[in-house]
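Working notes, beginning with the structure itself.
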Amino acid sequence: MEKLRKVVKEIAYTRDHTNSPALHRSLVPFLTFASSLYGVSLHIRRSLYRSSFFHQNRLPVPVISVGNLSWGGNGKTPMVEYITRLLLDSGISPLILTRGYAGGDEARMLERHLQGGPTKIGVGPNRAAIAATCFEKYGCANPSTIMSLLHKTAKVTTFSQEIGSVVLDDGMQHWSLCRDLEIVMLNGMNPWGNGNLVPLGPLREPLAAFERADVAVIHHMDLITEQSLGDIEKTIHGFKDSIPVFYSKMVPKHLFDVKNDRSPVALAALHDATVLCVSAIGSADAFVKSIGMIGARYVDRLDFSDHYLFEAQDVETMRRRAKRLESKSVPKPIIVVTEKDYNRDPEILKSLDPYTVLVLCSKLQVTPCRDTNVDDFKSTLCRILAAKFCVSS
């Protein structure tokens, strides 16, 4: 099954299959048919929500949706954390609603990063029901109070337990909840793939869905050319000319050993090292490039499909690959994984002796680019939220 997932992903990011392997070419007709069915079902479902045949739930506080139009690697969950911290800086206690897909690796990462503060995290597919339970338990802030806090410029350090805003993780296709601000994230390294809907391509919706978005963010902007940035922005504005476009990247902060997650390890531990990057994430290319930019001497990689749960046989594969590297280099190679991989199953990664396994911790940073900056991003969010939430409430 893992091999099939990899083949499907390769097809999704290949425009011309003429020179593809026979297996890839044999799957294209089936994937094309499945993609057509998906497109029809998506159109019907969207139409039923637009006609109010399916009910949309309106929450009593502003709802910020962070989503995407394609498969993983777009920076959704890091952006959810970034938005949450902006709300916290304004004195607003947020509630994050996430579906907890594939064992909840992203939810666990958010919990670890935000623990000890006023942020609440609700996990599950029925996010309206989870929100209702949280509002019943903690209460919700007064709308006028929320709006006044949003416009504060000084950082606030005191919080009410009442929920002041909801951040919807992976919310763009979650139409059962109304939202006041729609942020769409794009993986700048390959935003559209072959341009087809899943499973033939990586798109979860046609690009015309940009018309619903309030803000677009091009992620991994530091790993692509200025020309590519311009081309992506041009495509976005071809569907909605008025949408503001911002830029973000992941900034490595530190590492930690899988056997001791409480002791940070400096990034310098990878300088001039031989590194085996192991990951099961949406954008392994960005992860591997970041390790090279930190200063590793040689970087090898072992990629699995997004959200893949490592098994004993995979650990043996990692060990064999590391041993092969060890025979070619001195000192012993270091295995590096992402936080998502660690959160999925911390224990299995502890069984890779005699090799050191480190976890890379990074944070999303909204980056000044093409006449935009962090202050512009914050003011744009506040302006849209204030306008749309006041109208809806």
Side-chain angles (χ1 to χ4, degrees), residues 12 35 38-39 41-50 54 56-59 62-84 94-102 106-107 110 122-128 130-131 165-188 190-193 195-199 201-219 232 235-237 239-240 242-246 248 282-283 306-307 364 377 380-381 384-385 388-389 392:
S35 182
Y38 173 80
S41 65
L42 188 73
H43 176 73
I44 293 171
R45 181 167 168 261
R46 181 68 185 151
S47 297
L48 290 172
Y49 273 107
R50 275 200 301 258
F54 286 164
Q56 284 187 297
N57 296 277
R58 163 63 63 183
L59 300 183
V63 176
I64 303 170
S65 167
V66 181
N68 61 6
L69 294 179
S70 65
W71 282 339
N74 300 278
K76 291 189 310 295
T77 304
M79 178 56 81
V80 165
E81 181 180 345
Y82 186 89
I83 296 292
T84 298
L95 166 64
I96 298 173
L97 294 177
T98 178
R99 61 180 175 168
Y101 180 75
E106 292 160 340
L110 288 169
V123 182
N126 191 341
R127 287 179 258 192
I130 293 168
S165 182
V166 167
V167 185
L168 195 56
D169 185 20
D170 195 11
M172 190 150 191
Q173 290 78 38
H174 191 79
W175 298 322
S176 63
L177 272 183
C178 296
R179 66 286 317 273
D180 303 287
L181 176 62
E182 185 87 81
I183 301 173
V184 58
M185 302 291 297
L186 304 123
N187 180 356
N190 200 335
W192 335 115
N196 292 301
L197 293 174
V198 296
L203 296 181
R204 300 167 71 181
E205 286 191 76
L207 296 185
F210 274 118
E211 295 172 2
R212 300 200 317 271
D214 298 300
V215 172
V217 180
I218 302 174
H219 193 45
I232 296 169
T235 300
I236 295 169
H237 285 149
F239 290 97
K240 186 176 182 178
S242 62
I243 187 172
V245 179
F246 295 93
S248 65
S283 184
D306 197 12
H307 298 290
L364 182 141
F377 181 72
T380 298
L381 300 194
I384 296 171
L385 261 186
K388 294 183 72 174
F389 179 69
S392 64

Closest approach of [X] to [Y] (non-hydrogen atoms, all atoms of both residues):
{"X": "V123", "Y": "A107", "answer": "CG2-CB, 3.9 Å"}
{"X": "P202", "Y": "G193", "answer": "CG-CA, 3.7 Å"}
{"X": "P191", "Y": "S70", "answer": "O-OG, 3.6 Å"}
{"X": "L203", "Y": "Y38", "answer": "O-CE2, 4.3 Å"}
{"X": "A128", "Y": "L177", "answer": "CB-CD2, 4.0 Å"}

For the atom pair [atom1] ([X]) and [atom2] ([Y]), what is the distance rounded to the nearest 0.5 Å?
{"X": "I183", "Y": "L381", "atom1": "CD1", "atom2": "CG", "answer": "5.0 Å"}
{"X": "S47", "Y": "F54", "atom1": "OG", "atom2": "CZ", "answer": "10.5 Å"}
{"X": "L59", "Y": "L168", "atom1": "CG", "atom2": "CG", "answer": "8.5 Å"}
{"X": "N196", "Y": "S35", "atom1": "CG", "atom2": "OG", "answer": "5.5 Å"}
{"X": "M79", "Y": "F246", "atom1": "CE", "atom2": "CZ", "answer": "9.5 Å"}
{"X": "D214", "Y": "D180", "atom1": "CG", "atom2": "CG", "answer": "9.0 Å"}

**Message:** Applying side-chain contact (heavy atoms from CB on, under 4.5 Å) to V167 and L97, what does each step give before you reach the verdict?
**Reply:** CA-CA 6 Å; V167 185; L97 294 177; over 6 Å; no

**Request:** Evaluate the side-chain contact (heavy atoms from CB on, under 4.5 Å) criterion for residues I64 and L385: first the C-alpha distance (whole Å), next the side-chain angles of each, then the deciding distance (0.1 Å), finally the verdict.
**Result:** CA-CA 8 Å; I64 303 170; L385 261 186; 3.8 Å; yes

Do the side chain of [X] and the main chain of [Y] share a donor and acceptor less than 3.5 angstrom apart?
{"X": "R179", "Y": "G171", "value": "yes"}
{"X": "S165", "Y": "P62", "value": "yes"}
{"X": "N68", "Y": "L186", "value": "no"}
{"X": "K240", "Y": "A213", "value": "yes"}
{"X": "H219", "Y": "G188", "value": "no"}
{"X": "R99", "Y": "D169", "value": "no"}
{"X": "R58", "Y": "Q56", "value": "no"}
{"X": "E81", "Y": "L110", "value": "no"}

Can you confirm whether [X] sits close enough to [Y] that some side-chain heavy atom of one is under 4.5 Å from a side-chain heavy atom of the other?
{"X": "F210", "Y": "L69", "result": "yes"}
{"X": "L364", "Y": "M185", "result": "yes"}
{"X": "V215", "Y": "E182", "result": "no"}
{"X": "D170", "Y": "E106", "result": "no"}
{"X": "L42", "Y": "P206", "result": "yes"}

**Message:** Determine whether R50 and W175 satisfy the following criterion, side-chain contact (heavy atoms from CB on, under 4.5 Å), listing intermediate values before the conclusion.
**Reply:** CA-CA 10 Å; R50 275 200 301 258; W175 298 322; over 6 Å; no

**Message:** Here's one to test your reading of the geometry: is the NZ or CZ of R204 within 45 degrees of the ring axis of W71 and under 6.0 Å from its centre?
**Reply:** no

**Request:** List the steps, then state whether side-chain contact (heavy atoms from CB on, under 4.5 Å) holds for V217 with V184.
**Result:** CA-CA 6 Å; V217 180; V184 58; over 6 Å; no

**Message:** Does H43 have more than 12 heavy atoms from other residues, nucleotides or ligands lying within 6.0 Å of its NE2?
**Reply:** no

**Asked** Are S176 and H174 linked by a side-chain donor-acceptor pair shorter than 3.5 Å?
**Response** yes

